[in-house]
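In what follows, a structure is listed as structure tokens, so that the remarks can point back to it.
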Amino acid sequence: MTWLPPPAAAGSSPLLGDLVQQQFDPHSREANNQQLYRLLRDAMLQEQLPPGLRLPSSRQLAAELGVARNTVIHVYERLAAEGYVSAGVGQGTFVLDTRPDRLVGLEAAQPAVPSAAQAAISTRGQALVAQAGAAGRQWGAFMPGVPEVRTFPARIWMRLHNRQWRKPQPDLLTYAVGPGLPALRQQLADYLRSSRGVRCSPEQIIVTNGTHAAMQLVALLLADSGDSAWVEDPGYWGVHSVWRSAGLQTLPVAVDEQGLMVDEGARQGEPRLIYASPSHQYPLGAVMSLARRRRLLAYAHRHNSWIVEDDYDSEFRYGRPPLPSLQGLDPHGRVIYLATFSKVIYPGLRLAYMVVPEALVESFQTGLSELYRGGQYLTQAVLADFIAEGHFVAHIRRMRQLYARRRQALLGAIRQHFGDRLPIHDGAAGLHLVLGLPAGSDDLAVSEAAMAAGILTRPLSQYYRGSKAQPGLLLGYAHVDEADIARHFATLAQVIQRCCPG
Ligand SMILES: Cc1ncc(COP(=O)(O)O)c(C=O)c1O
């Protein structure tokens, strides 16, 4: 931007009076100051008000337009702050030469449509977009994976939050300088030891902004581009997206009623990473047998692979106590344990954590702050208090009872419409179940028809990448009122009867 001295002859332009007066509408719904700012800015960008022109005094323009003088003063100040006019007390207000910048403003006013070549994304980006798995909607019967967020103890949370904000410590509001707030890591270590059989010290805990960040950190720190990784099939779409975009070759490995089929994987090739959800296989719900767990641990030890144990919703097991973690069984330190607050607090919190073997602690701490520059320490402090004061365990206990009732209501509705003709998979745990559909059904078409009828489901076939896909629907019940479950399922049952063979 160049400063042009005002031309000797330049006075305040009558043009300005006309220009603005013709267009300015004091009765418009747009606020006077916003309207005047816009008119002046556009006139300058289009050079109807050329560089060097002196604008009328604020008093004069206010009188001409019939607006308060303060309105004009604020508009001039804003234009000066944004570099459109010069500002100098008592020196008049002149239009500056903004020609090199003006394209920016014009482009913003008329967005150009980029050509296909300009908008082309990378090969890696194309693969990510083509195989994207995240759902476009997250609330409504029977969207899977969604906890009940309406019963979250908001008052307690607010009180704990207020307590932290009353005396906010500077180091809770700055960039995180470590792998998570020490107070939270201490609480988590105690909780994991007593509730999940995880063997760890607080130092081994790394707090991340969600499970995807943890999985990405694992891929970037423990594997190189082109390395192989086993992923369960069917399995969590997120691990494919994150690991493939980190350059890994994901090898789908089938699951059976005992979980990940290790021998099947061994036939595919030696992996650097192995993703498994042993407590509650996602999405089919198998609990990994003890024999399979020991086999997987022995395999990882022998082949120098890292097992990534995703313990995403193990707190919710109905009728039986939760199973201890795979990490707790591992004598060789080959397991990286992942867990999230998304299902036990609320997903929008975006906090998860990992437990890494001692030998990896330093690299992971450094990797975390280099890549993600963590923060949210104040929220972590609230969470630490929430756990320390017993609210966390109490909330989980209440939710487990609530979800157990909702699961029963959904099982009852399924039985009422289909008897036991359709298989149900869920391992009596988690926030969703999988309703199998008759062989030959197009579960994607059923899911789309259900959506048109107002019911959200996810088709099981979409979770397969290698094995022969079984048709079915993932149905989340945790966030659906018990009283509404029968009605919503009746709608879905009609869709299934209409769309499926037999
Ligand atoms: C298998 C599995 N792991 C982990 C997560 C949680 O991820 P996040 O911590 O990013 O919410 C989900 C969420 O749906 C999931 O289905």
Side-chain angles (χ1 to χ4, degrees), residues 132-139 142-149 152 180 184 188 196 205-219 229-243 245 250 252-253 255 259-260 273-288 307-317 325-327 336-355 368 372 374 376 379-380 383 403 425-427 429-434 456-460 462-465 474-479:
R137 287 183 52 187
Q138 289 292 336
W139 188 258
F142 293 105
M143 185 66 209
V146 183
E148 178 54 271
V149 291
F152 182 68
L184 177 61
L188 285 175
R196 304 295 308 116
I205 296 179
I206 312 270
V207 180
T208 64
N209 290 348
T211 303
H212 286 208
M215 294 194 298
Q216 193 176 37
L217 200 54
V218 169
W230 291 359
V231 289
E232 295 170 333
D233 195 47
Y236 182 43
W237 54 267
V239 68
H240 281 278
S241 298
V242 174
W243 282 2
S245 63
T250 51
V253 176
V255 297
L260 184 81
L273 304 178
I274 301 172
Y275 169 90
S277 45
S279 306
H280 183 225
Q281 199 275 327
Y282 188 85
L284 287 177
V287 176
M288 193 181 276
I307 301 169
V308 176
E309 174 181 17
D310 186 358
D311 208 29
Y312 66 103
D313 71 356
S314 57
E315 283 85 357
F316 303 116
R317 216 163 127 77
S325 67
L326 182 66
Q327 193 265 11
I336 292 155
Y337 174 90
L338 310 186
T340 180
F341 287 108
S342 292
K343 313 299 174 184
V344 282
I345 301 279
Y346 59 89
L349 187 69
R350 303 317 303 136
L351 282 177
Y353 52 94
M354 59 206 301
V355 178
L368 181 83
Y372 308 106
Q376 301 196 27
T379 308
Q380 292 187 29
L383 197 45
Y403 299 166
H425 315 271
D426 79 337
L431 313 179
H432 75 273
L433 55 78
V434 177
L456 306 176
T457 64
R458 301 209 78 190
L460 176 62
Q462 304 281 296
Y463 292 78
Y464 287 85
R465 301 287 165 119
L474 274 69
L475 305 180
Y477 49 79
H479 62 299

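Whatever order the structure lists ligands and atoms in, that order sets their numbers, starting from 1. Predicted model only: the values in this text are computed from it and were never measured. Below, all heavy atoms of this structure are taken into account, side chains as well, without hydrogens, waters or symmetry copies. Positions are given from 1, in the same order as the sequence printed here.
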Return the closest protein heavy atom for [atom] as residue, atom name and distance.
atom: atom 7 (O) of ligand 1; result: Thr211 OG1, 3.2 Å
atom: atom 3 (N) of ligand 1; result: Asp310 OD2, 2.6 Å
atom: atom 14 (O) of ligand 1; result: Lys343 NZ, 2.9 Å
atom: atom 10 (O) of ligand 1; result: Arg350 NH2, 2.7 Å
atom: atom 16 (O) of ligand 1; result: Tyr236 CE1, 3.4 Å

Q. When the ring centroid of Tyr236 is compared with that of His212, is the distance short of 6.0 Å?
A. yes
Q) Are the ring centres of Tyr282 and His432 closer than 6.0 Å? A)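 Yes, ring centres under 6.0 Å apart.
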(Q) Ignoring hydrogens and geometry beyond distance, is a side-chain donor-acceptor pair present between Thr250 and Arg465 at under 3.5 Å? (A)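 The answer is no; no qualifying pair exists.
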Q) Which atoms from ligand 1 have a heavy atom of Tyr275 less than 4.0 Å away? A)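 Selected atoms, number and element: 1 (C).
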Q) With atoms numbered from 1 as shown, which atoms in ligand 1 lie under 4.0 angstrom from a non-hydrogen atom of Ser342? A) 8 (P), 9 (O), 11 (O)
Q | Leu349 vs Leu383 side-chain heavy atoms within contact, under 4.5 Å | A | yes
(Q) Any heavy atom of Gly145 closer to ligand 1 than 4.0 angstrom? (A) no
Q: Begin from the C-alpha positions of Met288 and Leu260 and carry the test side-chain contact (heavy atoms from CB on, under 4.5 Å) through to its verdict.
A: CA-CA 7 Å; Met288 193 181 276; Leu260 184 81; 3.9 Å; yes
Q | Heavy-atom closest contact (Arg458 atom, Gly133 atom, distance) | A | NH2-O, 2.6 Å
Q) If you measure every N/O of Tyr312 against every N/O of ligand 1, is any gap under 3.5 Å? A) no
Q. What do you reckon, does Tyr282 have a nitrogen or oxygen under 3.5 Å from a nitrogen or oxygen of ligand 1?
A.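 For ligand 1, there is no N or O atom that lies under 3.5 Å from one belonging to Tyr282.
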Q) Are Tyr275 and Asp310 close enough, and set up right, to give a side-chain contact (heavy atoms from CB on, under 4.5 Å), and what steps lead you there? A) CA-CA 7 Å; Tyr275 169 90; Asp310 186 358; 2.7 Å; yes
